[in-house]
Amino acid sequence: MSDPLFSGAQQGFRLERHGPLAELVLSRPACHNAFDADLMLGLLDCLDDLAHRHGHAERPHALLLRAEGKHFCAGADLNWMRNLAHADFEHNREDARVLARLMHTLDELPFPTVALVQGAAYGGALGLVCACDLVLASEDARFCLSEVSLGLVPAVISPYVVRAMGMRQARRYMLSAEPFDAITACRLNVAHQLAKPGQLLAQGRALALRLCHNGPEAMKETKRLLTAIESHGTRLHEEKTVETIARVRVGLEAQEGMQAFFDKRPPAWRPRFKDET
């Protein structure tokens, strides 16, 4: 069902809610879900809205990012990019900042994100994929950092791509602009798992709903801790890890989760699913 609190149909996407699971669906299949300024602004507003909702009833436990049609996303709309080429530097800088905020917001959402990729995931779309926590790719998916073939640079998406595939591989694929298949995407850590064509959505929803069984605050704190580790590496002071587990352990969610384990029952914060009795 569509989310009653947010609608982006005019901007080329929609937000659905399926119990604790939110699904953000790119819905411009006629142009292979290529993004422009309106789509980026709409997605940014939507993600920001989800991130700042309070309470388990409002904020999703997990987000599924998927797309309608044959392709996940062909990257930036080239007609839009051509118009930007004639705009001044300040206009281009502000436009790039929107994409940067979109990537940052997606990356730091306080709940896990799962991307489902079919067909093409080119250019900026690969940045969206790498900013998600888990990625399932259809066996027919194709990926490409195509920017240099157009005389452009994969600048804004580069931190997320490098984090996923590592600097050495990023040098190759950013400079060669060569496409690579879904098996290679898994080898490069761009994707985590393959799905048979026609089974991508079912497998993706099953994985996302599996995430919804976990403590929402625990997953939020885990993402926050991983971000700190990524930023500081081995220099992260042990007091940070000690403080995190001590604070979480005495919280209501953890106390309920541990008590439910001993009581052999689902914790109160876990949503009920249709297949559960």
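In what follows, residues are counted from 1 in the order of the sequence shown.
With L207 as reference, L136 is the one residue of L136, L64, L116 to meet the side chain to side chain contact (heavy atoms under 4.5 Å, CB included) rule. Exactly one residue among L134, L106, V135 makes a side chain to side chain contact (heavy atoms under 4.5 Å, CB included) with T113. That residue is L106.
Residues E217 and R59 are paired through a salt bridge, judged by an N-O separation under 4.0 Å between the basic side chain and the carboxylate. Between E108 and K223, none of the side-chain N atoms (NZ, or NE/NH1/NH2) sits under 4.0 Å from a carboxylate O, so this pair counts as no salt bridge. The pair R28-D38 fails the salt-bridge criterion, with no side-chain N (NZ, NE, NH1 or NH2) lying under 4.0 Å from an Asp/Glu carboxylate O.
Taking every heavy atom of both residues into account, F143 and A141 meet most closely at CE1-CB, 3.8 Å. The nearest pair of heavy atoms linking P179 to Y122 is CB-OH, 3.9 Å. A pairwise comparison of heavy atoms in H61 and N214 identifies ND1-O, 4.5 Å as the closest pair. Smallest separation of non-hydrogen atoms from C73 and L26: CB-CD1, 4.3 Å. Contact record, V148 with A177: CG2-CB, 3.8 Å, taken as the closest heavy-atom pair. Closest of all the heavy-atom pairs between P271 and P20 is CG-CG, 3.4 Å.
Between R172 and M165, every side-chain heavy-atom pair lies at or beyond the 4.5 Å cut-off. Between P60 and L50, some side-chain heavy-atom pair lies under the 4.5 Å cut-off. The shortest side-chain heavy-atom distance between L225 and I229 falls under the 4.5 Å cut-off. In this structure, the side chains of R210 and V114 stay at 4.5 Å or more apart for every pair of heavy atoms. Residues L39 and F13 meet the side-chain proximity criterion, which asks for heavy atoms closer than 4.5 Å. You'll find the side chain of E139 reaches within 4.5 Å of the side chain of P197, heavy atoms only. Under the 4.5 Å side-chain criterion, counting only non-hydrogen atoms from C-beta, V117 is not in contact with L200. For the pair E147 and V153, the minimum side-chain heavy-atom distance is 4.5 Å or more.
Side-chain heavy atoms closer than 4.5 Å link hydrophobic residues (I, L, V, M, F, W, Y) into clusters, and following such links, even through other members, never connects V161 to L226. Residue V98 is grouped with residue L126 when hydrophobic side chains (ILVMFWY) are merged at heavy-atom distances under 4.5 angstrom, including chains of intermediate members. Under the 4.5 Å side-chain contact rule for hydrophobic residues, L152 and Y173 share a cluster. In this structure, L65 is not a member of the same hydrophobic cluster as L194, with clusters built from ILVMFWY side-chain heavy atoms closer than 4.5 Å. A continuous path of Ile, Leu, Val, Met, Phe, Trp and Tyr side chains, each step under 4.5 Å between heavy atoms, connects L150 with V156, placing both in one hydrophobic cluster.
Distance CZ/R17 to CG/L63: 9.5 Å, rounded to 0.5 Å. Remark: L47 CG to D107 CG distance equals 11.5 Å, nearest 0.5 Å. Note that SG of C46 and CZ of R14 are 12.0 Å apart. Values are rounded to the nearest 0.5 Å. Between the CG atom in L128 and the CG atom in L43 there is a gap of 7.5 Å [rounded to 0.5 Å]. With rounding to the nearest 0.5 angstrom, the NE2 atom of H52 is 10.0 Å from the CG atom of L109.
Looking at R270, its side chain does come within 3.5 Å of a backbone N or O of H213 through a donor-acceptor pair. Within the 3.5 Å criterion, the main-chain N or O of L102 finds no donor-acceptor partner in the side chain of T105.
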### Task
Verify side chain to side chain contact (heavy atoms under 4.5 Å, CB included) between F180 and Q169, making sure each step is shown before the conclusion.
CA-CA 12 Å; F180 53 94; Q169 297 290 2; over 6 Å; no
### Task
List the steps and the verdict of side chain to side chain contact (heavy atoms under 4.5 Å, CB included) for V129 and F72.
CA-CA 10 Å; V129 169; F72 173 74; 3.8 Å; yes
### Task
Please lay out, stage by stage, how E221 and R224 fare under the test side chain to side chain contact (heavy atoms under 4.5 Å, CB included).
CA-CA 5 Å; E221 290 289 347; R224 182 180 295 171; 3.5 Å; yes
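Environment of CZ in R265: crowded, with over 12 heavy atoms of neighbouring residues, nucleotides or ligands closer than 6.0 Å.
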